[in-house]
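I'd like to ask some things about the structure below.
Quantities reported herein were computed from a predicted structural model and do not represent experimental measurements.
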Amino acid sequence: MASECTPTNPLAPPTSPLSFSIREYFVLTLTNTPFVQRSVTKINTLLKWANVPEKSLLTNEEFVLSSTAMVATLVGYYVLFGKRHRRKRKRLAEELRLAQRQVHFLEEELVTAKREDIIASTPTRPQRKSREIRIFMDGAFDVMHYGHMNAFRLGRSLGTYLIVGVNSDESIKKCKGPPLMNDKERLTMVDGCKFVDEVVPNCPYIMTPEYLDYIFTTYDVDYVVHGDDPCIVDGKDVYESAKRRGRYRSIPRTEGVSTTDIVGRMLLMTKDHHYLRTRRARGNSMGSLSISGGIMDGEHSDDDSDNEIHNENQEDDLSVQTAANYNGGGDGGGVFLGNQSKFLTTSMMLRLFSAGVKHPEEGMRVIYIDGAWDMFHCGHVEFLKEVSKRGDYLIVGIHGDSVVNKRRGGNLPLMNLHERVLSVLGCKYMNDVLIDAPVEITPDMIASLRITEVVHGTESDDSSTDVSFDDRYRYPKEMGIFTSIKSPSEFKLRNIVSRIQKKQAEFQSKIDRKKRAEKEWFDNKYQNGDKTNNGNEK
């Protein structure tokens, strides 16, 4: 009798006793854990309270299998899709950064093309050097910053010689109230900029046709230059007469920085404007960069319109750290007026600002001076001018944001490292800068930079110090190359802050109005594609 047998399915996958036993062991192990038992008990208690039938209650095995499936689903989604979103965000951020750099590059190319066109179309005059093109710019330049310096650079790039007119205190006061900085302080800043060849003081705030005729005749000016945002006073274009003559040229308005933003930083407690970065620890000269030996990343502005603060003769004896705390203390509780710095620091901008920087020649007397150089002001300019007389080559060390904040507290520095580097690079009295300079000056650093003398001034905004003065300059003192000189000016950052504090409510209101106006201008420029306006709102 033939034996009966159960037919087998040749397509069915073979059963693996090992894999079955592993799954069974995994489920049984988790099922008997106290955590699973407690969780199932609590869930079932809740279900019983909701009148769920006994046969529908959750078992330990069901809890383990459903939890495992949920965790596996989440892990699988993260592996397959989570990183993809992160990569997409990273890719879009990189594309945006490259696009911004490309915009900056094209703007520079446009300025270069304008310059070539101007030189080709301007007739050579017998009394001049061959192809000399004289450019005139004017403004209040109150609380002057690297954005103004970049405007001078752009203006000068359209010609070969730049003349800058500085509006008088009286004319500014009549039009919009007393400026924050007086005539002498503003003239010192403009005259100290390396892109400026000549300064004209006491210019009227409103450029009348008669005064423009005077400028064209007296200073043999070829073109008047201003920013590409509107310059309307009493409903009239200030530069209409120059435009009619065909002797007006515009430059791109520097975006990402303005006097409004910088002064706003003085009226709040925030460190959002600080340059955040990951770096190896400071402490040796190799951790820093000098422009003549390395490159960082930058961009630009010419807003000189925020100057409606009364310039009192008497200054409050107010430290910067205390002034910063006036607005709500160090916990960020003050009124938010400023924003994170939107200035795009590119390597091209640093190259443009560091044009002409060269290594010191053999035998040159190299002078080194370091500091924060925050809110680069007239006191800094006068001091660098004095120090530059002591040698042939001046290197200016610029401390990093965290170093300055530890020494000064509050929301200082008001300008981040990149902004302070550009500010110092724009000064005509320096030859090179040391970026993120170490606090302690070491023998290796002295040898590497071939420093002949280390100089320190008598005026400072430091309120505390982690490294004592003697330790900071110990090696230069031991080597006999340290010199302390009296600062030619007693002007400090606290002078600016105290002036603003006296008119805080008035200035806060002005900043709000100015920010609304700037937002409207940018919206019109980029949303409507309007780039035809010329001039600059004064």
Open item on the list: When you compare the side chain of Tyr211 with that of Asp138, does any pair of heavy atoms fall below 4.5 Å?
Closed with: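 Counting from C-beta outward, Asp138 and Tyr211 never come under 4.5 Å.
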Task: Value rounded to 0.5 Å, distance of CD in Glu382 from CE in Met189 - done: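 Output value for this atom pair is 10.5 Å.
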Task: Heavy-atom donor-acceptor pair, Arg351 side chain to Ala355 backbone, under 3.5 Å - done: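 Absent.
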Open item on the list: Tell me if a side-chain donor or acceptor on Asp432 pairs with a main-chain N or O of Ile395 at a distance below 3.5 Å.
Closed with: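 Pair absent, no side-chain N/O of Asp432 close to backbone of Ile395.
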- [ ] Please confirm whether the backbone N or O of Val221 pairs with a side-chain atom of Arg247, one donor and one acceptor, at under 3.5 Å?
- [x]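 It does hold such a pair.
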- [ ] Indicate the atoms forming the closest heavy-atom contact of Arg186 with Phe141, along with that distance.
- [x]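 Where Arg186 meets Phe141 most closely, the heavy atoms are CG-O, 3.8 Å.
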Open item on the list: Treating Arg153 as the side-chain partner and Phe353 as the backbone partner, does any N or O pair qualify as donor plus acceptor under 3.5 Å?
Closed with: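 No; zero donor-acceptor contacts below 3.5 Å.
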TODO: Step by step, work out the side-chain contact (heavy atoms from CB on, under 4.5 Å) result for Arg156 and Val225.
DONE: CA-CA 9 Å; Arg156 195 179 190 283; Val225 173; over 6 Å; no
Task: Reported OG-to-NE2 distance for the pair Ser489 and His377, which is rounded to 0.5 angstrom - done: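 With rounding to 0.5 Å, OG (Ser489) is 8.0 Å from NE2 (His377).
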TODO: State, yes or no, whether a side-chain contact exists between Met430 and Lys194 at a heavy-atom distance under 4.5 Å.
DONE: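 Yes, side chains in contact.
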TODO: May I have all residue pairs that pass ring-ring contact (aromatic ring centres under 6.0 Å, His included) and include part of residues 161-180, sequence neighbours excluded?
DONE: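 For residues 161-180, and leaving out neighbouring residues, there are no ring-ring contact (aromatic ring centres under 6.0 Å, His included) pairs at all.
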- [ ] Identify the two heavy atoms, one from Ser423 and one from Met415, that lie closest to each other, and give their separation to 0.1 Å.
- [x]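 It is OG-SD, 4.0 Å.
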- [ ] Determine whether Leu162 and Met137 make a side-chain contact, defined as any pair of heavy atoms from C-beta on separated by less than 4.5 Å.
- [x]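 A side-chain contact under 4.5 Å exists here.
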Task: Straight-line distance of Ile441 CD1 to Leu434 CG, nearest 0.5 Å - done: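 Those atoms lie 9.5 Å apart.
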TODO: Could you tell me whether the side chain of Asp169 and the main chain of Asp183 form a donor-acceptor pair under 3.5 Å?
DONE: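 The answer is yes, because a donor-acceptor pair under 3.5 Å joins these two groups.
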Open item on the list: Within the 4.5 Å heavy-atom criterion, are Tyr473 and His456 side-chain neighbours or not?
Closed with: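 A side-chain contact under 4.5 Å exists here.
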Task: Least distance between heavy atoms, Val143 atom then Met375 atom - done: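 Residues Val143 and Met375, closest heavy atoms: CG1-CE, 3.4 Å.
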Task: Test item: Leu493 and Leu414 side chains (from C-beta on) under 4.5 Å apart, heavy atoms - done: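 In contact.
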Task: Aromatic ring pairing His226/Tyr239, orientation class (parallel under 30°, perpendicular over 60°, tilted between) - done: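 Ring orientation, 0 to 90° scale: tilted.
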Task: Inter-residue atom distance Asn431.CG - Lys358.NZ, 0.5 Å rounding - done: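 It is 11.0 Å, given to the nearest 0.5 Å.
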Open item on the list: If you count every heavy atom of other residues, nucleotides or ligands that lies below 6.0 Å from Lys385 atom NZ, does the total exceed 12?
Closed with: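 Atom NZ in Lys385 is not crowded, with 12 or fewer foreign heavy atoms closer than 6.0 Å.
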Task: Main-chain N/O of Val455 paired with Thr483 side-chain donor or acceptor, under 3.5 Å - done: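 Such a contact is absent between Thr483 side chain and Val455 backbone.
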- [ ] Without swapping roles, check the side chain of Asn167 against the backbone of Ile172 for a donor-acceptor pair under 3.5 Å.
- [x]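 No.
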Open item on the list: Quick check: do Phe195 and Leu154 have side-chain heavy atoms less than 4.5 Å from each other?
Closed with: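 No. Closest side-chain heavy atoms not under 4.5 Å.
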Task: Over all atoms of both residues, closest heavy-atom pair of Phe152 and Val196 - done: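 Closest pair (atom of Phe152, atom of Val196, distance): CD1-CG2, 3.6 Å.
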Open item on the list: Minimum heavy-atom separation for Tyr146 and Glu419, please, with both atom names.
Closed with: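 Nearest pair, atom of Tyr146 first, then Glu419: OH-OE2, 2.7 Å.
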Open item on the list: So Glu490 and Asn495, do their side chains get closer than 4.5 Å, heavy atoms only?
Closed with: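 The answer is no, as the side chains (C-beta and beyond) never meet within the 4.5 Å cut-off.
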Open item on the list: Looking at every non-hydrogen atom in both residues, tell me the closest pair between Gly397 and Trp373 and how far apart they are.
Closed with: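 Smallest heavy-atom distance, with atoms named: O-NE1, 2.9 Å.
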Task: Flag side-chain contact, heavy atom, 4.5 Å: Asp370 against Arg472 - done: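 With C-beta onward as the side chain, the pair touches.
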Open item on the list: Nearest 0.5 angstrom please: His148 NE2 to His145 NE2, how far?
Closed with: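 It comes to 4.0 Å.
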Task: Side-chain (Asp436) to main-chain (His399) donor-acceptor, under 3.5 angstrom - done: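 No, because the side chain of Asp436 does not come within donor-acceptor range (under 3.5 Å) of the backbone of His399.
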Open item on the list: Show, in sequence, the C-alpha distance, side-chain angles and deciding distance for Val224 and Met207, and conclude whether the side-chain contact (heavy atoms from CB on, under 4.5 Å) test is met.
Closed with: CA-CA 11 Å; Val224 174; Met207 290 285 107; over 6 Å; no
- [ ] Examine distances only and state if a side-chain atom of Glu185 and a backbone atom of Asn182 form a donor-acceptor pair shorter than 3.5 Å.
- [x]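 Yes, Glu185 side chain to Asn182 backbone: donor-acceptor pair under 3.5 Å.
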Task: Glu459, CD atom: more than 12 neighbouring heavy atoms under 6.0 Å - done: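 Yes, CD of Glu459 has more than 12 neighbouring heavy atoms, counting only those of other groups under 6.0 Å.
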Task: Within 6.0 angstrom of Lys428 NZ, more than 12 heavy atoms from elsewhere - done: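 More than 12 within 6.0 Å, yes.
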Task: Straight-line distance of Leu417 CG to Asp374 CG, nearest 0.5 Å - done: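 Between Leu417 CG and Asp374 CG, I get 11.0 Å after rounding to 0.5 Å.
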Task: Results of ring-ring contact (aromatic ring centres under 6.0 Å, His included) for Phe383 - residues two or more places apart only - done: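 Applying ring-ring contact (aromatic ring centres under 6.0 Å, His included) to Phe383 gives none.
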Task: Pair Leu422-Met149, side-chain contact (heavy atoms from CB on, under 4.5 Å): steps then yes or no - done: CA-CA 9 Å; Leu422 289 175; Met149 295 178 179; over 6 Å; no
Open item on the list: Test your reading of the model: is there a side-chain donor-acceptor pair from Arg390 to the backbone of Arg365, 3.5 Å cut-off?
Closed with: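 Between the backbone of Arg365 and the side chain of Arg390 there is no qualifying donor-acceptor contact (under 3.5 Å).
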TODO: Take Leu158 and Ile133, measure what side-chain contact (heavy atoms from CB on, under 4.5 Å) needs, and give me the verdict at the end.
DONE: CA-CA 8 Å; Leu158 297 179; Ile133 309 296; over 6 Å; no
